[in-house]
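This structure is a prediction, so every number in the text was calculated from the model and none was measured.
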Amino acid sequence: MTKFSPKKTLLLAGAGHAHIGMLRRFSAARLKNTDTTDADIHLISEQPQTIYSGMLPGWMAGHYQLHDISIDIKSLCVRAGVRFIQQSLVKVNAASNKVVTTGDEQTDFDYDVLSLNTGADTDMRWLYNHKDHRSDSDDTDVDVGAVNAHADTDVIAIRPLSTFITQWQRILKDAQSSEKYQLAIIGAGAAAIELVMAAQVALRNINRHHQVILICGENLLSGFNSGFRQRVIKQLHRHDITIVRERASDYRDGKLSTTHKSLPINAVIAATGVIGSAWTASTDLEIEGDGFVAVNDKQQSVSHPNVFAVGDVATRIDKYVAHSGVHSVHGGAVEADNLLAYLGDNVMKSYQPKSRTLYLLSCGDKYAIGSWGNVNLQGRWVWHLKKYIDKRFIEADKKLTKVNAHLE
């Protein structure tokens with residue numbers, strides 16, 4: 001009697017850039033009847049749709065509708081032959097090849113191979129600079145796994161995006177009924193810069209007296225060259241955005257505390273970098289730095305070889321790779337190859353980031369600044385280039401849908 005090996009289970013946790021690319025790949029393969037794997041594939045995501053972060057500032061500024069920046073993950077799973085599970089990941093027990101999720105009820109899922117693309121959480125540790133947030137007897141670093149569970153603040157975190165979408169709509173509603181609405185955005189990176197200019201455009205369209213303030217500390221855009229920084233600062237001044245080069249420490253009762261100031265603020269948005277998601281505090285995977293899954297050049301866990309991770313949830317231990325959408329997409333393509341290679345006991349490849357990447361920063365009003373190594377460009381044409389690239393990413397699903405409809 002012939003014995004057949006049971007199918008392996010590939011579990012995809014999260015619906016970030018990398019897994020979107022993987023689902024599209026599986027979907028295209030099914031259309032051509034060239035399925036690349038015989039595994040049972042499942043995807044776990046808290047939401048049936050994913051917000052594309054690259055177009056979020058454009059939506060805030062009113063250039064896009066919400067459906068323009070959303071990707072229907074559930075439908076994409078159907079086309080890819082992947083089972084969609086609407087749950088939240090709460091624990092990974094790699095020793096027993098099991099993940100724990102919660103939704104209507106807590107559920108365990110077994111896997112043979114696990115891919116993590118869950119993203120990360122907003123780093124809110126700056127709140128703990130306030131004396132009320134520290135123990136008098138403990139000056140050690142705050143546990144990253146517990147930071148975002150702290151509820152004694154009115155600060156709006158940029159992540160998760162699904163929650164931020166609702167909160168931004170509430171800000172706009174409040175601004176409609178205010179004579180002078182003041183919004184502060186905390187952060188010194190490109191994400192904070194895009195948000196602050198988008199927010200200023202949106203609020204000034206409601207009332208020219210509304211004002212957005214950037215709280216950025218001393219190191220604005222520290223990862224970019226000086227020419228790029230100067231171009232950005234000129235755009236901030238063009239939008240009449242107030243720049244406070246101090247560190248924020250607390251926000252409550254309508255008052256934002258910085259190093260030397262106490263500012264009356266209606267709402268505060270934090271775009272203060274990322275730390276590992278809460279579930280990374282309860283896993284036996286090797287964790288590096290601020291709660292990120294430690295991976296090698298194959299995007300493979302350094303402690304459990306049947307676990308892969310890519311995007312903001314992971315960090316490379318062999319070299320520095322910035323957390324960005326560019327690396328999530330390109331690294332995700334390599335990770336997809338490696339997942340299939342691992343399932344088939346084939347040779348895996350290494351992800352080697354390019355020394356230079358194109359970065360396009362939107363400036364609120366259909367204007368953008370581009371950076372390619374030491375080359376910097378700006379103008380409305382740069383914004384339209386960004387729009388073209390972003391829409392091409394979003395609309396890849398629509399092309400697959402059209403092909404499916406034609407075949408049916």
Side-chain angles (χ1 to χ4, degrees), residues 12-21 43-47 50-54 56-57 71 73 87-92 94 99 101-102 114-128 141-150 155-165 167 185-192 194-195 223 269-283 285-295 299-303 307-317 320-332 335 351 353:
L12 310 177
H17 294 75
H19 282 175
I20 289 169
L43 182 137
I44 297 171
S45 177
E46 187 174 356
Q47 301 292 335
T50 287
I51 302 298
Y52 177 47
S53 59
L56 180 72
I71 297 174
I73 297 299
Q87 297 268 302
S88 300
L89 181 66
V90 294
K91 185 175 183 178
V92 174
V99 302
T101 67
T102 185
L114 172 66
S115 177
L116 296 162
N117 188 210
T118 60
D121 289 340
T122 303
D123 186 351
M124 302 291 278
R125 287 174 294 177
W126 57 272
L127 279 171
Y128 285 78
D141 290 342
V142 179
D143 179 4
V144 298
V147 169
N148 288 355
H150 178 72
V155 174
I156 298 169
I158 188 63
R159 295 165 183 259
L161 294 182
S162 57
T163 302
F164 175 76
I165 291 288
Q167 293 169 320
I185 294 179
I186 303 172
E194 288 194 304
L195 292 177
I269 296 172
T272 42
V274 294
I275 57 174
S277 298
W279 68 262
T280 60
S282 57
T283 183
L285 291 168
E286 184 167 330
I287 299 298
E288 184 78 9
D290 295 331
F292 304 110
V293 178
V295 298
Q299 298 298 144
Q300 181 182 33
S301 166
V302 298
S303 60
V307 177
F308 294 75
V310 68
D312 285 346
V313 72
T315 193
R316 289 271 291 271
I317 63 166
Y320 172 74
V321 178
H323 288 120
S324 73
V326 171
H327 294 305
S328 183
V329 170
H330 294 306
E335 192 226 24
Y351 171 53

- Task: Please report the shortest heavy-atom distance between Ser277 and Thr118, naming the atom on each side.
- Result: OG-OG1, 4.1 Å

- Task: Indicate yes or no for a side-chain donor-acceptor contact from Ser301 to the backbone of Glu286 under 3.5 Å, with no hydrogens or angles considered.
- Result: no

- Scanning both residues in full, the closest heavy-atom pair of Gly332 with Ala18 reads CA-CB, 3.6 Å

- Message: Within the 4.5 Å heavy-atom criterion, are Val155 and Trp126 side-chain neighbours or not?
- Response: yes

- Task: Indicate yes or no: at least one non-hydrogen side-chain atom of Arg316 is less than 4.5 angstrom from one of Gln299.
- Result: yes

- Query: Could you state the interatomic distance from OG (Ser115) to CG (Leu12), rounded to the nearest 0.5 Å?
  - Reply: 5.5 Å

- Query: Are side-chain heavy atoms of Val307 and Val92 found at a separation under 4.5 Å?
  - Reply: no

- Within the distance-only criterion (no hydrogens, no angle test), does the side chain of Thr50 pair as donor or acceptor with the backbone N or O of Ile71 below 3.5 angstrom? no

- Item | 4.5 Å side-chain heavy-atom contact, His17 and Ser53 | yes

- Query: Do Lys91 and Trp279 come within less than 4.5 Å of each other through their side chains, counting heavy atoms only?
  - Reply: no

- Query: Do any N or O atoms from the side chain of Glu46 and from the backbone of Gln87 form a donor-acceptor pair under 3.5 angstrom?
  - Reply: no

- Is there a donor-acceptor pair closer than 3.5 Å between any side-chain N or O of Thr283 and the backbone N or O of Thr280? no

- Query: Where do Ser45 and Ala15 come nearest, in terms of heavy atoms and distance?
  - Reply: OG-CB, 3.8 Å

- Note on the structure: Looking only at heavy atoms, the pair that brings Leu89 and Ala13 closest together is CD2-CB, 4.2 Å

- Could you state the interatomic distance from CD1 (Ile156) to OG1 (Thr122), rounded to the nearest 0.5 Å? 11.5 Å

- Is a side-chain donor or acceptor of Asp312 paired with a backbone partner of Ala120 at a separation under 3.5 angstrom? no

- Are the side chain of Asp123 and the backbone N or O of Ile275 linked by a donor-acceptor pair below 3.5 Å? no

- Message: Just so I know, are the side chains of Glu335 and Asn117 near enough to count as touching, which here means a heavy-atom distance under 4.5 Å?
- Response: no

- Note on the structure: Tightest non-hydrogen contact, residues Val274 and Phe292, listed as O-CZ, 3.5 Å

- Verify side chain to side chain contact (heavy atoms under 4.5 Å, CB included) between Tyr351 and Val295, making sure each step is shown before the conclusion. CA-CA 11 Å; Tyr351 171 53; Val295 298; over 6 Å; no

- Just how far is it from atom CD1 of Ile51 to atom CD1 of Ile165, taken to the nearest 0.5 Å? 4.5 Å

- Item | Pairwise distance CD1(Ile158) to OG1(Thr163) - rounded to 0.5 angstrom | 10.5 Å

- Task: Measure across Val310 and Gly331 and return the closest heavy-atom pair with its distance rounded to 0.1 Å.
- Result: CG2-C, 3.7 Å

- Message: Quick one, Leu56 and Phe164 - any side-chain contact, counting heavy atoms below 4.5 Å?
- Response: yes

- Distance from Ile73 atom CD1 to Gln47 atom CD, nearest 0.5 Å? 11.0 Å

